Amino acid sequence: MTPLLTFSEAALTLLALLMVFFYFWKTRKDPRYPPGPTPIPFFGNVLQLGRDPSKVMQNWADKYGPIYSIRMGNEDTIVVNDSKLVKELFSNASSTGRPSNPILRVFGGGLGIVQAQGNTWEAQRRFTLRKLRDVGVLKSSIEGFLVEEASTLIKYLERNVGKSISGKGLFNGPVVNSLWRIVSGETNDWDSPVKPEILKRAENCTRTVSSGLMFAPFLRHIAPGFFGWTEWVKSLQSYSELTNQAIENHARNLDPNNPQDFIDHYLVEMQDTTDQSSTFYRENGELNLRAVAADLFVAGSETSSATLAFAILFLLLNKEAQRKAQLELDQVVGSFSQISLSHKTSLPYTEAIVLETLRLSTIAPFAIPHRMLEDTMFHGYLLPKDVTIMSDLHAIHHDPKIWGPDVNSFRPERFLNQTETQISRHESLISFGAGRRSCLGEGLAKDTLFLFIASILHKFNIEQDPQNPVFKVETQFGMVVEPKPFKFMVSLRN
Ligand code: HEM
């Protein structure tokens with residue numbers, strides 16, 4: 001009788017079985033570890049995520065509950081998809097680590113804010129937050145920058161009335177420019193025929209933020225050019241060149257009694273620091289300043305401009321929401337005045353548009369992953385030290401049990417009280433994350449969204465481009481979700 005397998009086939013089969021056995025033995029879990037879909041060797045659950053990871057993860061949430069586990073390649077990951085649990089877990093100091101993502105590590109190298117942990121993260125975050133929030137020179141000039149950028153945007157749209165306008169990328173110029181002004185005090189004419197260098201370099205960086213490379217960093221070893229790794233490294237280096245130049249110029253001309261922008265404020269803090277162990281001390285301070293400048297830019301630019309592009313798209317498809325906001329704007333602001341942040345509290349419908357845009361678009365569907373710093377028991381589950389924690393903001397913002405059967409519709413009224421005269425906050429809206437590492441640009445981002453959206457609706461109707469009509473919202477998945485390219489037109493209201 002002929003044997004079923006040759007000796008070498010049998011040896012290979014045995015080897016493969018041994019490898020699979022070894023994989024499952026190595027990755028076996030404590031019985032208190034959260035349940036989840038079965039991973040396969042090397043890829044974990046990555047291949048199951050398919051083209052629409054948010055949908056697949058919503059199904060896993062339905063099946064395994066608010067806390068479940070997956071494997072992203074060789075990284076154990078626990079997903080939390082309940083807003084109360086996210087808030088509770090992320091308020092705990094043991095959840096404030098960051099996994100070492102090789103893509104994000106390129107900028108900052110563990111310094112600054114986004115990728116930093118421990119003392120460095122705490123000190124840099126506290127300082128930056130204070131400068132962005134405190135009423136003072138920087139805070140009041142930020143308001144002025146935003147109003148100026150909004151008015152440049154309006155002039156750009158006025159010149160393009162009746163013409164086809166590309167929705168994606170429309171807001172890169174004003175958003176990047178306002179961030180660059182806050183950081184460096186320098187301003188650029190993004191509306192000029194020659195694109196400013198800072199805008200070119202920022203746009204190159206953000207292409208990777210919205211690519212799949214963030215979720216599957218191993219792809220950079222397979223085809224670095226194809227998956228955007230080469231461009232990411234190059235564009236971050238060229239962006240760093242600009243920040244380094246700006247820091248050198250600021251250091252040369254610094255007037256410590258009259259700091260003008262974020263770099264000035266930071267340099268003054270460095271001058272005042274005598275404690276050699278401080279993250280602001282001399283060389284350490286300079287390296288952290290470079291990292292923070294990159295953090296503010298990378299975390300702030302694509303997120304804000306993608307959300308604004310979604311707002312245009314939602315409004316394009318919702319004439320009634322435009323009409324209601326315009327009625328409110330006419331009553332409160334009148335036809336001629338310029339919109340300012342002081343109008344915000346009197347424009348609840350416009351603010352509700354901002355909140356509904358943040359919910360429905362959820363441009364950061366899984367926020368930024370955290371890492372557990374120690375073994376922690378949480379609602380009966382073991383969250384082991386070093387495990388990655390992902391908050392599934394998309395699932396939270398698209399759960400019909402929370403938002404009702406029209407969860408996928410754009411309905412700003414869900415953020416208003418019954419008489420539609422006041423904003424009613426919703427505890428499940430956590431677009432900026434929650435807890436100790438929540439977004440430190442939340443206030444700035446909300447001000448930017450409000451001012452830009454209100455200024456556009458005050459002046460224009462957002463309309464279909466008859467040559468390129470849009471029938472539905474289509475998105476492009478990434479660490480930052482964007483709308484697929486679309487066209488629209490504006491017409492003057494008066
Ligand atoms: C619509 C706009 C924005 C959205 C939706 C957004 C959302 C987020 C989210 C979900 C996180 C992760 C929170 C976590 O780790 O759990 C985050 C972190 C962060 N964001 Fe934003 N963001 C926006 C705009 C901005 C702006 C304008 C800035 C700065 C100028 C900024 C700076 C940061 C920084 C520095 C972090 C890291 C915080 C830390 O690690 O402690 N973001 N953001």
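First listed ligand is number 1; within each ligand, the first listed atom is number 1. Note that this is a predicted model, so its numbers are computed, not measured. Below, each value reflects all heavy atoms present in this structure, side chains not excepted, and no hydrogens, waters or symmetry copies.
Nearest to atom 39 (C) of ligand 1 by heavy-atom distance, out of R125, Q117, H370, Q124, is R125. The residue among L179, T96, I389 with a heavy atom at the shortest distance from atom 30 (C) of ligand 1 is L179. Distances from atom 11 (C) of ligand 1 to the heavy atoms of I368, I113, V114 show the closest one on I368.
Assignment of Q115 to the shell around ligand 1 is not supported, since no heavy atom sits closer than 4.0 Å. A heavy-atom separation below 4.0 Å is not found between K446 and ligand 1.
Atom 21 (Fe) of ligand 1 has C439 SG as protein N, O or S atoms under 2.8 Å away.
Between R437 and ligand 1, at least one N/O pair is under 3.5 Å apart. Inclusion of W121 in the set of residues having an N or O under 3.5 Å from an N or O of ligand 1 is warranted. Of the polar atoms of S431, none of the N or O atoms is found under 3.5 Å from an N or O of ligand 1, judged by distance alone.
One N or O on the side chain of R359 and one on the backbone of H397 form a donor-acceptor pair closer than 3.5 Å. The backbone N or O of A116 sits nowhere less than 3.5 Å from a side-chain atom of T120 that would complete a donor-acceptor pair. Using modelled atom types, no side-chain atom of T96 and backbone atom of N92 make a donor-acceptor pair closer than 3.5 Å.
In terms of protein heavy-atom proximity, atom 40 (O) of ligand 1 is closest to R98 NH2, 2.8 Å. Of all protein heavy atoms, the one closest to atom 1 (C) of ligand 1 is T307 OG1, 3.4 Å.
Ring pair F297/W180 is perpendicular by interplanar angle, where above 60° counts as perpendicular and below 30° as parallel. Ring geometry for F415 against W403 counts as tilted: the plane angle lies between 30° and 60°, on a 0 to 90° scale.
For the residue pair S151 / Q338, no side-chain donor-acceptor distance below 3.5 Å is found, with atom types taken as modelled. S94 and T376 are linked by a side-chain donor-acceptor pair at a separation below 3.5 angstrom, with hydrogens and angles left out of the test. For the residue pair T279/Q124, the side-chain donor-acceptor check at 3.5 Å is satisfied. There is no side-chain donor-acceptor pair under 3.5 Å between D261 and S184.
Under 4.0 Å from ligand 1, not a single heavy atom of I182 appears. Of all the heavy atoms of L444, the ones lying under 4.0 Å from any atom of ligand 1 belong exclusively to the side chain.
For ligand 1, the atoms closer than 4.0 angstrom to any heavy atom of A367 are 10 (C). For ligand 1 and I363, the ligand atoms under 4.0 Å from any heavy atom of the residue are 5 (C).
The shortest side-chain heavy-atom distance between W60 and N45 falls under the 4.5 Å cut-off. Two residues are said to be in side-chain contact when any heavy atoms from C-beta on lie closer than 4.5 Å; D386 and M372 fail this criterion.
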(request) Evaluate the ring pair (Phe, Tyr, Trp, His ring centres under 6.0 Å) criterion for residues Y381 and Y33: first the C-alpha distance (whole Å), next the side-chain angles of each, then the deciding distance (0.1 Å), finally the verdict. (result) CA-CA 6 Å; Y381 290 119; Y33 191 70; 8.9 Å; no
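Annotation: side-chain hydrogen bond (donor to acceptor under 3.5 Å, both in side chains) contacts involving residues 427-441, sequence neighbours excluded, comprise S83-S428.
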